[in-house]
**Student:** 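Here you go, one structure.
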Amino acid sequence: MAALLDEIEPLKQSALGALQSAADLPALEQAKGAFLGAEGQFTALMKRLGTLAKEERPAAGKAINAAKVEIEAALAACREALELRASAPKVPTDFTAPGRRRSLGHLHPLTQVTDDIVRAFRRLGFAVADGPEIEDEVHCFDALNTPKDHPARDAQDTFYVGRGEPAGAAASTGAVGGTLLRTHTSSVQIRVMEKMPPPIRIIVPGRVYRRDNADATHNPTFHQVEGLYVDRGVTVGDLKGTVEFVFRELMGSDTRIRFRPHYFSYTEPSFEIDFSNALVKKLGKDWLEIAGCGMVHPQVFENVGYDPEVWSGWAFGFGIERIAMIRYGINDIRLFYENDVRFLRQF
Ligand code: DAH
């Protein structure tokens with residue numbers, strides 16, 4: 001009996017020593033096995049308990065258990081220390097190294113161009129108006145004097161989300177006829193004039209939708225800015241002066257503007273606007289078509305309850321992507337929507 005009791009302390013000490021001197025986790029596991037494993041020295045000691053006299057067993061068992069608890073605590077502490085060391089970086093920290101720079105994001109190029117357009121018009125006293133992207137045919141087409149057989153109304157060109165009677169969401173917007181994703185921001189002209197009496201001076205930047213296949217110059221979703229000015233005695237001269245001012249602000253003071261006769265059902269007369277400057281020349285062109293515009297058609301005034309004998313006005317609409325592409329020399333419209341930071345970072 002005395003022999004077994006005397007063996008406990010030295011065995012414990014050598015177990016603790018072995019654990020402490022383990023250099024890494026595998027070595028620690030090996031030391032653990034040598035003492036606590038099935039063939040371990042400490043296990044062997046415990047097995048010998050049975051050979052003791054009955055009255056000697058409690059004292060010896062207690063001493064062995066106490067030693068075992070101590071060894072297991074030491075094992076846990078050593079394991080934690082070695083794990084910590086294993087997860088530490090191999091290369092020591094250089095506290096004198098410069099900090100990591102956090103890169104700041106910025107506005108999307110289309111947002112930047114939109115903001116510039118809004119800023120230019122604000123200087124002329126225009127307010128920003130807004131309207132729904134899910135529209136009805138009346139606001140998108142009928143009230144704009146766009147005939148039933150106009151190609152823009154064809155399902156090939158327009159995303160319809162409901163047809164026929166106003167129902168569900170369509171009914172709650174007071175939709176009449178089919179419901180669709182607006183094909184242009186011109187629908188907001190009608191919404192604003194329905195709500196407010198003249199005079200009116202608004203621009204409408206916003207998202208529009210068409211059934212176009214995506215290619216370098218088309219995308220089913222893109223952005224436009226609409227402009228509408230209604231007052232007494234408004235002329236084409238006002239329109240041209242305004243457009244010239246804004247495009248010089250946007251595209252540089254060397255920008256020239258040209259009006260070409262065109263047809264839109266909601267304006268009479270109607271024009272397409274071409275512009276020219278150094279950027280256009282760089283593209284090997286003299287003029288680039290940039291916008292549609294004209295004097296608001298008397299029928300459109302009638303449709304919103306304005307007296308066309310009293311009020312006159314002009315409207316225009318142009319694509320924001322097109323302006324951004326020319327301004328930044330971008331040759332593929334799809335780059336705007338891919339959210340590739342390597343592209344976006346450049347603006
Ligand atoms: N809505 C036309 C389009 O999407 C652009 C446009 C032309 C708007 C003439 C107008 C306008 O307000 O008067 O192509």
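Numbers here simply count residues along the sequence, with the first being 1. When a ligand or atom number is given, it counts from 1 through the structure's own listing order.
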**Student:** Purely on distance, is any nitrogen or oxygen of Thr183 under 3.5 Å from one on ligand 1?
**Tutor:** no
**Student:** Who's closest to atom 14 (O) of ligand 1 heavy-atom-wise, of Glu268, Arg210, Met295, Arg182?
**Tutor:** Arg210
**Student:** Do Arg182 and Asp130 meet the salt-bridge criterion of a basic N to acidic O distance under 4.0 Å?
**Tutor:**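 Salt bridge: no.
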**Student:** Only heavy atoms of Phe264, strictly under 4.0 Å: list the atoms of ligand 1 that pass.
**Tutor:** 7 (C), 9 (C)
**Student:** May I ask you to list the atoms of ligand 1 that are less than 4.0 angstrom from any heavy atom of Ser186?
**Tutor:** 1 (N), 8 (C)
**Student:** Name the orientation class of the two ring planes belonging to His223 and Tyr337 (parallel below 30°, tilted from 30 to 60°, perpendicular beyond 60°).
**Tutor:** parallel
**Student:** Could you tell me if the ring centre of Phe247 sits under 6.0 Å from that of Phe318?
**Tutor:**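 Yes; Phe318 has its ring centre under 6.0 Å from that of Phe247.
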**Student:** Of the non-hydrogen atoms in Leu49 and Ala60, which two are nearest, and what is the gap between them?
**Tutor:** CD2-CB, 3.6 Å
**Student:** If we set the cut-off at 4.0 Å for heavy atoms, which region of Cys293 has an atom near ligand 1: side chain, backbone, both, or neither?
**Tutor:**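 For Cys293, the contact with ligand 1 is made by the backbone alone.
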**Student:** Which of the numbered atoms in ligand 1 are under 4.0 angstrom from any heavy atom belonging to Gln189?
**Tutor:**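 Per the distance check, 12 (O).
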**Student:** Regarding Arg210 and Asp212, does a basic nitrogen lie under 4.0 Å from an acidic carboxylate oxygen?
**Tutor:** no
**Student:** Evaluate the ring planes of Phe121 and Phe316, with Trp represented by its six-membered ring, and classify them as parallel (under 30°), tilted (30 to 60°) or perpendicular (over 60°).
**Tutor:** parallel
**Student:** Give the residue and atom name of whichever protein heavy atom lies nearest to atom 12 (O) of ligand 1, and the separation in Å to one decimal.
**Tutor:**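 Closest protein heavy atom to atom 12 (O) of ligand 1: Glu226 OE2, 2.5 Å.
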**Student:** State the atoms of ligand 1, each with its element, that fall below the 4.0 Å cut-off from a heavy-atom position in Thr267.
**Tutor:** 13 (O)
**Student:** Tell me whether Glu135 is salt-bridged to Arg191, with the criterion being a basic N under 4.0 Å from an acidic carboxylate O.
**Tutor:** yes
**Student:** From the options Phe271, Tyr266, Trp314, select the one whose nearest heavy atom is closest to atom 11 (C) of ligand 1.
**Tutor:** Tyr266
**Student:** Quick one: does Gly227 get an N or O within less than 3.5 Å of an N or O on ligand 1?
**Tutor:** no
